[in-house]
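Beneath this line is the structure, given in structure tokens, with notes to follow.
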Amino acid sequence: MAVIMFIARIVLSIILDAPMVGEELDDDTRERMRQREEQLRQEMTRLLQELEQRNVELMIPEQRSFAWGALLLTALQQWQFWAIAGVLLVLSGLCLYLRSRRYEVDNSGSEEESSSSDDEPMEVEEQQEEEEEEIEDPNDERDLGRIFAKRIQWPAQHLAYRSWMVQEMVGDLLRVSEELLSTRFFPVLQPAIRVGSAFEGWSPCEGDAVYRMLVPLEPPRGHAFHLELGAVREMPVKDSCIRVELECTCTGERLVEGMLCFLHHPEEELRRNQAPSLLHTLCTGSYLDVEKTAFWFQELVRSAWMLGSYSRSYNMRVLPSSNSCKLEVMNTFRRIFFVEIVFGVQEGHSDIFLCSQTTESICSPSTSWPESLIVAEAKFFSHVAREAPRDSFHLKCLQLCTRILVGTSFSSYTMKTIVMHLLTSIPLSHWRRRDFLLRLLDIMQYLRCCLEVKRLNHFFIGNENVPEEIILPPAFQTAAPLNLFQHLEQDPVAHTEALFEYCELQDHLVRLLFYGS
């Protein structure tokens with residue numbers, strides 16, 4: 001195993017030192033790589049056929065099973081060494097060859113579009129049939145992505161169903177909560193938005209998945225929210241607040257039948273005949289309080305759960321949290337999963353929210369609502385899912401790359417940012433299963449280059465490649481790119497440790513590819 005890992009590490013290093021995506025090669029080099037690729041492919045196929053034939057021959061004479069078994073073990077050991085070495089050599093050739101062929105495929109596609117409109121439907125149908133055959137053909141030795149993908153222990157395929165069920169469960173809770181709040185002046189709960197890795201489809205481990213949903217808040221009758229953004233010296237802004245103001249409901253569009261105006265009716269009459277205003281319940285001073293909002297919603301969920309339809313099939317427990325509502329849910333088979341509901345106020349008509357969830361220190365004031373991009377991120381992956389081929393492996397690439405981060409200082413958001421950048425620079429048609437290994441190498445190479453220059457740009461800040469359907473405030477579009485690796489510039493020791501950990505990530509990736517875990 002040590003020898004195999006040594007060879008894999010060397011070849012992986014060679015591959016990662018290959019030209020970056022989109023670098024052009026001369027015709028002679030492309031031809032040599034094509035010939036070498038074909039030669040290595042034939043050799044790999046021959047090795048696999050020899051192994052299969054040897055297995056068939058060894059199973060026939062049962063009376064010599066012991067002797068043949070020893071010979072089979074030796075053959076398998078030899079095959080494992082040479083097969084892995086052969087696969088790695090194939091990868092090194094294919095990486096260079098396919099990189100140079102990528103844009104040739106795009107050009108050939110544009111030539112096909114110039115054909116007559118009468119033949120176009122037939123060409124589209126034939127292309128779809130070819131794609132289906134490519135996806136379903138289990139005997140294609142050239143599909144190295146399939147070979148390696150089958151070796152990896154992917155999380156069980158329960159995320160999709162559970163995501164749907166969690167969405168229905170939270171929707172049921174919000175419907176019941178709306179009935180309970182009909183006569184009170186608490187924030188108006190809007191339909192929940194699915195956010196986070198579990199709903200985006202790349203949670204590294206299903207057992208640890210947290211199904212996170214953001215519930216937008218709107219002001220109740222007679223109230224208005226005014227967002228006070230903090231200093232824009234650093235984005236996203238971390239010290240923003242939500243100021244609550246009372247509005248006159250005596251006349252005009254805000255007139256509500258049977259409601260007393262908080263501004264123009266005597267306080268004694270208001271206390272006697274109407275529920276208190278939001279300023280007297282969930283605010284500290286004039287600002288909406290994160291902790292008070294979280295505790296209020298937790299109590300609301302406890303009451304709504306008993307009246308909802310899911311209480312008959314699931315047991316629910318509210319976990320302690322000062323800035324969100326964390327739920328531990330157990331089904332009839334005693335399987336447990338976790339749901340987290342966070343709250344946010346939309347910034348204008350954009351996909352940016354001032355959110356209750358924060359990773360700041362406990363010293364942050366409870367009236368601080370930092371800017372969050374979790375909705376924009378979820379919207380980006382929904383956009384990619386609609387545009388990508390049905391056998392796209394972009395989520396599996398991200399899932400695999402976040403799994404190898406265990407035990408290192410790299411965050412999953414680092415890998416997520418890298419993959420988002422690559423998804424907008426590499427055509428989505430090149431993220432299919434057959435490109436699985438190439439895209440993994442692109443991700444690792446991108447990370448290596450970012451570490452060398454000590455710079456990884458935030459995806460949504462100052463990036464012109466953000467899809468148009470994602471709505472960002474003008475400040476995000478005109479801002480200078482934000483460096484997520486700024487700490488590496490300021491701390492040479494941290495930079496040295498990051499480069500060392502990158503070597504560990506390479507080892508982890510090789511183990512996952514060849515041993516599945």
Side-chain angles (χ1 to χ4, degrees), residues 162 165-196 198-199 208-220 223 225 241-242 244 275-285 287-331 336-346 353-362 364-370 372 374-375:
R162 187 164 289 174
M165 187 270 295
V166 169
Q167 183 177 8
E168 293 295 311
M169 177 183 295
V170 174
D172 183 65
L173 279 174
L174 295 180
R175 284 189 293 272
V176 176
S177 299
E178 185 179 1
E179 297 176 1
L180 295 176
L181 298 174
S182 59
T183 60
R184 309 292 297 275
F185 296 94
F186 287 110
V188 181
L189 307 175
Q190 301 300 305
I193 302 173
R194 307 187 307 173
V195 296
F199 285 111
D208 298 332
V210 177
Y211 298 85
R212 187 168 290 110
M213 303 196 78
L214 181 142
V215 175
L217 305 179
E218 291 190 356
H223 298 71
F225 287 161
C241 298
I242 302 172
V244 178
S277 71
L278 183 59
L279 285 171
H280 293 89
T281 53
L282 302 184
C283 290
T284 297
Y287 295 94
L288 190 63
D289 192 295
V290 170
E291 294 183 4
K292 292 180 180 179
T293 302
F295 295 150
W296 158 74
F297 189 82
Q298 292 167 13
E299 292 300 320
L300 180 63
V301 164
R302 289 188 179 96
S303 301
W305 179 264
M306 302 307 299
L307 301 175
S309 58
Y310 281 85
S311 60
R312 295 186 292 270
S313 305
Y314 295 86
N315 291 325
M316 185 275 293
R317 184 165 69 97
V318 178
L319 302 178
S321 176
S322 61
N323 55 20
S324 65
C325 181
K326 297 181 179 179
L327 308 178
E328 180 188 81
V329 183
M330 183 172 63
N331 61 16
I336 295 175
F337 58 94
F338 298 93
V339 180
E340 183 178 20
I341 302 173
V342 298
F343 327 105
V345 176
Q346 188 175 15
F353 283 74
L354 301 190
C355 186
S356 64
Q357 186 189 38
T358 176
T359 57
E360 297 299 304
S361 65
I362 57 176
S364 298
S366 60
T367 55
S368 177
W369 293 71
S372 174
I374 53 178
V375 173

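Excluded from the calculations below are hydrogen atoms, water molecules and symmetry mates; all remaining heavy atoms, backbone and side chain alike, are included.
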**Request:** Apply ring pair (Phe, Tyr, Trp, His ring centres under 6.0 Å) to Phe353 and list each qualifying residue two or more places apart in sequence or on a separate chain.
**Result:**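 Phe353 satisfies ring pair (Phe, Tyr, Trp, His ring centres under 6.0 Å) with no residue once adjacent residues are dropped.
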
**Request:** Could I get the full list of ring pair (Phe, Tyr, Trp, His ring centres under 6.0 Å) partners for Phe337, not counting sequence neighbours?
**Result:**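 By the ring pair (Phe, Tyr, Trp, His ring centres under 6.0 Å) rule, Phe337 matches no residue at all.
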
[X] versus [Y]: any side-chain heavy-atom pair under 4.5 Å?
{"X": "Glu328", "Y": "Ile336", "result": "yes"}
{"X": "Leu288", "Y": "Thr367", "result": "no"}
{"X": "Met213", "Y": "Val195", "result": "no"}
{"X": "Met316", "Y": "Val301", "result": "yes"}
{"X": "Glu291", "Y": "Ser322", "result": "yes"}

**Asked** Going by atom types only, do Asn323 and Ser356 share a side-chain donor-acceptor pair under 3.5 Å?
**Response** no

Of the non-hydrogen atoms in [X] and [Y], which two are nearest, and what is the gap between them?
{"X": "Tyr314", "Y": "Val329", "value": "CD2-CG1, 3.7 Å"}
{"X": "Cys241", "Y": "Leu354", "value": "O-CD1, 4.0 Å"}
{"X": "Met165", "Y": "Tyr310", "value": "O-OH, 4.1 Å"}
{"X": "Pro216", "Y": "Ile193", "value": "CG-CD1, 3.9 Å"}

**Message:** Can you tell me how the ring of Trp296 sits relative to the ring of Phe186, calling it parallel under 30°, perpendicular over 60° and tilted otherwise?
**Reply:** parallel

**Prompt:** For Arg302, does the CZ atom sit with more than 12 other heavy atoms under 6.0 Å from it, leaving out its own atoms?
**Reply:**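 Buried by this count: over 12 neighbours within 6.0 Å.
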
**Request:** First locate atom OG1 of Thr284, then atom NZ of Lys292, and finally report the distance between them rounded to the nearest 0.5 Å.
**Result:** 3.5 Å

